[in-house]
> 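The structure that follows is given in the form of structure tokens.
Just the heavy atoms: all of them, side chains too, but no hydrogens, waters or symmetry mates, feed the values below. In what follows, chains carry the letters A, B, and so on, assigned in the order in which the sequence lines appear, proteins first and then strands, with residues in each chain numbered from 1.
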Protein chains: 2
Amino acid sequence: MSQRKASGDAGRATIRDVAEQAGVSVASVSRVLSGNYPVSEELRRRVMKVVGDLDYVTNAHARSLAGGGTPTVAILINDITGAAFAHVARGVEGAATLRGWLSLVGTTGDDPERELALVNMMRQQGVAAVVLLGGAYDYDEYQLRMARFARSLDAAGSRLVLVGRPPLEGDVPATTVDYDNEGGAYAMASHLLSAGHRKVLVLPGHAELTTAQGRLKGARRAFEAYGVPFEPSMVRHGFYDYEHGYDAVQESLRDGLDFTAVLAGTDVVAAGAMQALRAAGLRVPEDVSIVGYDDIPLASQLTPQLTTVHVPYEEMGRVALRAVADRREGGPGRRKGDGDHLVLGTHVVVRNSVRPPAPRV
Amino acid sequence: MSQRKASGDAGRATIRDVAEQAGVSVASVSRVLSGNYPVSEELRRRVMKVVGDLDYVTNAHARSLAGGGTPTVAILINDITGAAFAHVARGVEGAATLRGWLSLVGTTGDDPERELALVNMMRQQGVAAVVLLGGAYDYDEYQLRMARFARSLDAAGSRLVLVGRPPLEGDVPATTVDYDNEGGAYAMASHLLSAGHRKVLVLPGHAELTTAQGRLKGARRAFEAYGVPFEPSMVRHGFYDYEHGYDAVQESLRDGLDFTAVLAGTDVVAAGAMQALRAAGLRVPEDVSIVGYDDIPLASQLTPQLTTVHVPYEEMGRVALRAVADRREGGPGRRKGDGDHLVLGTHVVVRNSVRPPAPRV
DNA sequence: TTGAAAGCGGTACCAC
DNA sequence: GTGGTACCGCTTTCAA
């Protein structure tokens, strides 16, 4: 019996096993496998034969320790079941795969502790980039926290990428991929206003959430542009979920609020709102118009199909990955700050959930 | 100038940097950090201080090479944007995180090539388990392919886990976490039949897909139990997506098919069917009843809310992870084959999309 | 309790 | 073109 594991033994075969069985040196095996070095056809054949027989794959850990290694991108997300973020993740993952990169996914569940733990875990993995997805709560410490992440990652040769939230202030080593959130809201609200709506219930989302802030701001600007007073009493904050949409409409109705349209912060909120309207015997869009935001598949699957703001989520994911990949390739001509803040456009998708308000009787 | 990087230099700090700056040996640093070995309070303090100053994290690759290392589970999925699978992924990820495991996610896009590449990539990473999510296409080579994956992974000390598909035949080293697919379909169809429906349009999904096969089989059994003839002409196959639901209903209507209910293969298909019915001026459930399968959030967000079969997706994910974790802990008392095939229950969730058929005029 | 040193599985530089 | 070998950063005996 040999001291080292014989073929068929437990544990993975190593490059040494392959070398031995092929009667060549480990260096040669390495060369054949990396393919970035000239080797004789004969040697290649011999090695590949054994690789096949042993079903050998190189140890990624050893490889990255020694220098090489597959770049990996980590995607950190609050909740993996969110449709919008799922699309960003798909964009990142797709682009990563295309380049032979690997992707890790971690969910934070809105817990700062877990977020920190995950960032550190990713740092341990030596990932090329950490992508943080989704709007952020704009607390005071937020900027500091992110700046710390950014520097920490940067020091380890990694890159922090913020997707779907505003860029960090000051000279922080991070990349931001954003979309025209406020502009989309402005356009969406304008659409409603130009259809003649004047009394609209606004459900922008949580007041502390950056995305909600932007959407609210855009809406307000549109109202100003149309010379329509913006009633604070017509604004209801809450989570970006179905329940919030439902509850907000139900309560507004109960409170006797007078509105002919609902401007929802997300498509899911719009879905909830729609359900509540129906439950109250109101028709959409005959009695009340509704618009959403995000343009996730749900929007076109509702009845009536939802008029909403299209956000290029998947594209954002791809762009984010391309940004870090490019910077990593680090071609000449890159200057500090180049492509550190990318913002994609949004646009209104008109479907069937808006009608001019019914004439007042 | 020292030869090694001074603090603040590029690249991550290493355990040696920490040791040096703390004036202790690397072994001591390692001990302090792993915490699984007695060290003096003084030493711990010194080390932790420097760790903080340098913002040091251990190199996960080096660690796993040397023996330790965080167990990692890889989740391979067709399309990350599918709601059902997202829930499984969440279950796996959550349970993994709970145990300090890491999770990798890869998407195959239904491409066997990519699937193979990913499995190998995960093997390189030395993952503890590879979880394959979702129904599979039941081609001839499928069993062989999976068996090969299973053995390959097994030889590398990893485990193949199949979630949401039938177990592999023969003595293959894999774990399967399944749900009572056929039973759910049986119950769902029975619900329709007992409400008086006799002419039902069945949209089970792709004929080659294992989940579709099970659902169709369950439905057929229910029809037999009720002594109702099962008309092949009332079955339309297709993808598990909204479009298929829409098109199938639209075509059936156009073909003059006579039905009072739709038994959809998934909630998403049901949503499409519902939309098509409406577009044709039919009311749900007054004119036509509809039921789905999966019980994803969409089901309760549709109007009317969808009666459907609840599948414990998230639970399946948790169970899958627990299964591999347990086997890894490998307590005594485990016997070969123990817990290699787990099947969870399903049940009908009654909501508002079913009514007895309208009396024939 | 702490330190020295032998690996873990590859890569890549240096000879031949 | 191919082989020998010094690392990569960490864990874990083995001694002291």
Side-chain angles (χ1 to χ4, degrees), chain A residues 3-5 9-48 50-51 54-71 121 123-126 156-157, chain B residues 3-5 9-47 50-51 54 56-71 121 123-127 155-157:
Chain A
Q3 302 178 282
R4 294 195 55 74
K5 51 189 162 249
D9 215 355
R12 311 160 60 160
T14 73
I15 196 173
R16 245 171 287 267
D17 297 332
V18 176
E20 210 164 300
Q21 192 160 333
V24 302
S25 73
V26 292
S28 294
V29 176
S30 175
R31 290 188 186 112
V32 168
L33 293 174
S34 7
N36 50 14
Y37 207 87
V39 283
S40 72
E41 194 43 47
E42 160 66 3
L43 200 160
R44 147 165 288 109
R45 256 197 339 87
R46 292 247 299 272
V47 170
M48 292 314 285
V50 177
V51 165
L54 263 44
D55 200 11
Y56 168 84
V57 286
T58 74
N59 181 321
H61 299 299
R63 185 204 285 259
S64 59
L65 228 204
T70 331
M121 189 166 254
R123 211 145 56 93
Q124 295 184 32
Q125 300 294 320
Chain B
Q3 301 177 285
R4 294 195 56 77
K5 48 189 162 251
D9 214 358
R12 317 161 54 161
T14 72
I15 196 173
R16 242 175 295 265
D17 297 332
V18 177
E20 213 164 298
Q21 191 159 333
V24 302
S25 73
V26 293
S28 295
V29 176
S30 173
R31 292 189 184 109
V32 169
L33 292 173
S34 4
N36 50 14
Y37 207 86
V39 282
S40 72
E41 195 42 49
E42 160 66 2
L43 199 159
R44 146 165 287 109
R45 257 196 339 84
R46 294 247 299 274
V47 170
V50 177
V51 165
L54 262 44
Y56 169 83
V57 287
T58 74
N59 181 321
H61 297 300
R63 185 203 285 259
S64 56
L65 229 205
T70 331
M121 190 165 255
R123 210 144 57 94
Q124 296 183 32
Q125 301 293 322
V127 299

> Rounding to an integer number of Å, can you tell me how far A:Glu20 CD sits from C:dG9 C1'?
14 Å
> Rounded to whole Å, how long is the line connecting atom CZ of A:Arg46 with atom P of D:dG1?
16 Å
> Rounded to 10°, tell me the angle between the two end axes of the helix from C:dT1-D:dA16 to C:dC16-D:dG1, each built from five pairs.
40°
> Expressed in angstrom and rounded to an integer, what is the separation of A:Arg12 atom CZ from C:dG9 atom P?
9 Å
> Within less than 4.0 Å of OP1 or OP2 of C:dG9, is there a side-chain N or O belonging to A:Thr58?
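No, no such contact exists.
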> Between B:Arg63 (CZ) and D:dG9 (C1'), how many Å, whole number?
11 Å
> Just how far, in rounded Å, is P of D:dG9 from CG of B:Asp17?
9 Å
> Between B:Tyr56 and D:dG9, is there a contact of a side-chain N or O with OP1 or OP2 at under 4.0 Å?
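It does not, given that no N or O in the side chain of B:Tyr56 lies less than 4.0 Å from OP1 or OP2 of D:dG9.
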> In Å, rounded to the nearest 0.5 Å, how long is the span from CG of B:Asn59 to CZ of A:Arg123?
12.0 Å
> Nearest-Å distance, CD1 (B:Ile15) to P (D:dG9)?
11 Å
> Roughly, in whole Å, what's the span from CG in A:Asn59 to C1' in D:dC8?
13 Å
> Under 3.5 Å, side chain of B:His61 to main-chain N/O of A:Ala62, donor-acceptor pair present?
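Here the side-chain-to-backbone pair does not exist.
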> Before you tell me yes or no, could you show the steps for A:Asp17 and A:Thr14 under side-chain contact (heavy atoms from CB on, under 4.5 Å), namely the whole-Å CA-CA distance, both residues' side-chain angles and the distance that decides it to 0.1 Å?
CA-CA 5 Å; A:Asp17 297 332; A:Thr14 73; 3.6 Å; yes
> Mind checking the CG-CZ spacing from B:Leu65 to A:Arg63? Nearest 0.5 Å is all I need.
12.5 Å
> If the condition is side-chain hydrogen bond (donor to acceptor under 3.5 Å, both in side chains), which residues does A:Arg45 pass it with, not counting sequence neighbours?
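Partners of A:Arg45 under the side-chain hydrogen bond (donor to acceptor under 3.5 Å, both in side chains) test: A:Glu42.
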> Salt bridge (Lys or Arg N to Asp or Glu O under 4.0 Å) with A:Arg31: which residues, sequence neighbours excluded?
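A:Arg31 satisfies salt bridge (Lys or Arg N to Asp or Glu O under 4.0 Å) with no residue once adjacent residues are dropped.
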> Please give, in whole Å, the distance from C:dG10 P to A:His61 NE2?
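Those two atoms, NE2 and P, are 11 Å apart.
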> Please list residues of residues 25-39 of chain B whose heavy atoms come under 4.0 Å from any atom in DNA chain C, ordered by number; otherwise none.
B:Ser25, B:Ala27, B:Ser28, B:Arg31, B:Tyr37, B:Pro38, B:Val39
> Nearest 0.5 angstrom please: B:Leu54 CG to B:Arg12 CZ, how far?
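Between atom CG of B:Leu54 and atom CZ of B:Arg12 there are 12.5 Å.
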> Is the phosphate of C:dG10, meaning OP1 or OP2, less than 4.0 Å from a side-chain N or O of A:Ser64?
no
> Using heavy atoms to find the nearest nucleotide of DNA chain C for B:Val24 and B:Ala62 separately, return the residue whose nucleotide is more 5′.
B:Val24
> How would you list, by chain and number, every residue that makes a side-chain hydrogen bond (donor to acceptor under 3.5 Å, both in side chains) with B:Ser30, sequence neighbours excluded?
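For B:Ser30, no residue satisfies side-chain hydrogen bond (donor to acceptor under 3.5 Å, both in side chains) once neighbours in sequence are set aside.
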> List the residues meeting side-chain hydrogen bond (donor to acceptor under 3.5 Å, both in side chains) with A:Ser34, not counting sequence neighbours, and say none if there are none.
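By the side-chain hydrogen bond (donor to acceptor under 3.5 Å, both in side chains) rule, A:Ser34 matches no residue at all.
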